[in-house]
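Take a look at the structure set out below.
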Amino acid sequence: MTSKTISKGILRAIGFIISVALLLYFLYIIRSVLAYLAIAAVVALIGRPLVKFLRLKLKFPNILAVVATMLIMVGVLAGIVALFIPLLSEQSKNLSLLDIDELQKSLNALYHQITNFLGLSSHIVEDVIDDVGLEKNILQGLDIGFIPDFLNSFLTVLSSASIGLFSVLFISFFFLKDRRLFEHGLLIFIPQTKKQRTTNSIEKINNLLSRYFVGLLLQIFILFVIYTIVLLIVGIENAVVIAFLCALFNIIPYIGPIIGGVMMLTLTMTSNLGFNFSEVILPKTGYVFLGLILGQLVDNFFSQPFIFSNSVKSHPLEIFLIIIIAGLLFGVVGMIVAVPGYTAIKVILKEFLSENQIVKSLTHNL
């Protein structure tokens with residue numbers, strides 16, 4: 001091997017490294033566009049069954065089916081946003097009339113009721129609080145001056161969200177209108193000998209993920225109904241909005257239900273400030289806790305097995321391990337995308353490595 005050959009090899013390696021670095025930098029710069037594309041792809045997968053139903057069952061033209069589907073999805077989104085308007089309006093009114101002293105008295109009353117109910121000595125708890133300086137730290141961090149800055153930040157986020165929403169809807173429309181748009185773009189970079197297998201993989205991934213996301217919506221809806229019924233029976237204000245928020249947290253596997261449950265219990269207690277703890281607050285919180293358990297039992301023994309077995313064709317234990325590994329590697333985002341990502345990988349492996357024994361064992365039910 002001559003020095004000239006070695007030099008060319010080094011230059012090629014350097015060029016490759018620089019090219020990869022530039023590509024990664026470019027992807028970082030357009031990360032917002034990539035996020036819009038990913039969200040639009042999910043929206044298109046969710047809307048795909050409805051478009052197919054309108055086209056095949058009701059004989060709608062393709063463009064009309066897509067427009068009707070987009071209008072339905074936008075209507076659902078607008079309805080969800082409308083749910084929060086009364087809550088935001090009420091909270092804004094409360095914020096403008098906020099009496100810190102009265103709030104502190106209510107919280108102190110709730111604290112004393114809890115300690116008395118649990119048989120704890122308030123002096124012991126207060127000594128612990130004094131030792132760690134908890135009250136001092138909270139009061140130092142409580143600055144009402146953050147409200148104007150928060151409102152300015154909220155307006156900035158709202159403006160960016162509006163641009164993002166328009167972009168997602170625009171891209172989703174064309175993904176639904178031209179079902180092969182993404183596929184044709186991807187096939188440009190695929191060798192001719194592998195195009196048919198790639199096409200098969202994309203079609204199977206679309207079918208599986210469409211069923212998965214529709215099943216996920218059904219899962220959230222079932223929890224939403226259970227939580228709403230429980231909160232309405234208990235008599236919690238804004239029950240529909242609270243139930244929707246807590247059900248929505250179920251998108252995050254394993255951690256989400258805990259966050260949603262803590263939020264629901266906390267809102268149940270704070271919405272009854274001023275009432276007797278043992279006679280009002282504790283029983284209502286207990287009923288809500290039982291409703292949470294009921295919702296999770298239905299979700300764990302009915303909704304999730306139905307989704308995993310009928311949509312992504314994976315065993316619940318297999319899904320559990322994948323979600324845990326993705327969470328350790330990539331955090332909450334990894335847990336959310338673990339199932340659809342793993343499904344796509346399984347389909348690709350089966351299409352291109354179907355003779356491998358490990359692949360056969362993992363994809364035998366696909």
Drop me the distance from [X]'s [atom1] to [Y]'s [atom2], to the nearest 0.5 angstrom.
X: F249; Y: F244; atom1: CZ; atom2: CZ; result: 11.0 Å
X: Q219; Y: I251; atom1: CD; atom2: CD1; result: 9.0 Å
X: D299; Y: I226; atom1: CG; atom2: CD1; result: 8.5 Å

Listed partners of F320 passing ring-ring contact (aromatic ring centres under 6.0 Å, His included), at least two apart:
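Here the qualifying residues are Y254.
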Partners passing ring-ring contact (aromatic ring centres under 6.0 Å, His included) against F170 (at least two apart in sequence or in another chain)
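F170 satisfies ring-ring contact (aromatic ring centres under 6.0 Å, His included) with F174 only.
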Which pair of non-hydrogen atoms, one from [X] and one from [Y], has the smallest distance, and what is that distance?
X: L169; Y: M70; answer: O-CE, 3.5 Å
X: P257; Y: N250; answer: CG-OD1, 3.1 Å
X: S167; Y: Y36; answer: CB-CD1, 3.8 Å
X: L54; Y: A68; answer: CD1-CB, 3.9 Å
X: M335; Y: G327; answer: CG-CA, 3.4 Å
X: A326; Y: A338; answer: CB-CB, 3.6 Å

N/O donor-acceptor pair under 3.5 Å between [X] side chain and [Y] backbone:
X: R31; Y: Y28; value: yes
X: N206; Y: I202; value: yes
X: S210; Y: L45; value: yes
X: N200; Y: E351; value: no

Candidates I242, T228, V230 - the one meeting side chain to side chain contact (heavy atoms under 4.5 Å, CB included) with I236
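Considering I242, T228, V230, a side chain to side chain contact (heavy atoms under 4.5 Å, CB included) with I236 is found only for I242.
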Residues R197, E203: salt bridge by 4.0 Å N-O rule:
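No.
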Can you name the residues that form a salt bridge (charged side-chain N to carboxylate O under 4.0 Å, His left out) with E318, not counting sequence neighbours?
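So E318 forms a salt bridge (charged side-chain N to carboxylate O under 4.0 Å, His left out) with K346.
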Report yes if some heavy atom in the side chain of T343 is under 4.5 Å from a heavy atom in the side chain of I205; otherwise report no.
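Result no, sub-4.5 Å side-chain heavy-atom pair not found.
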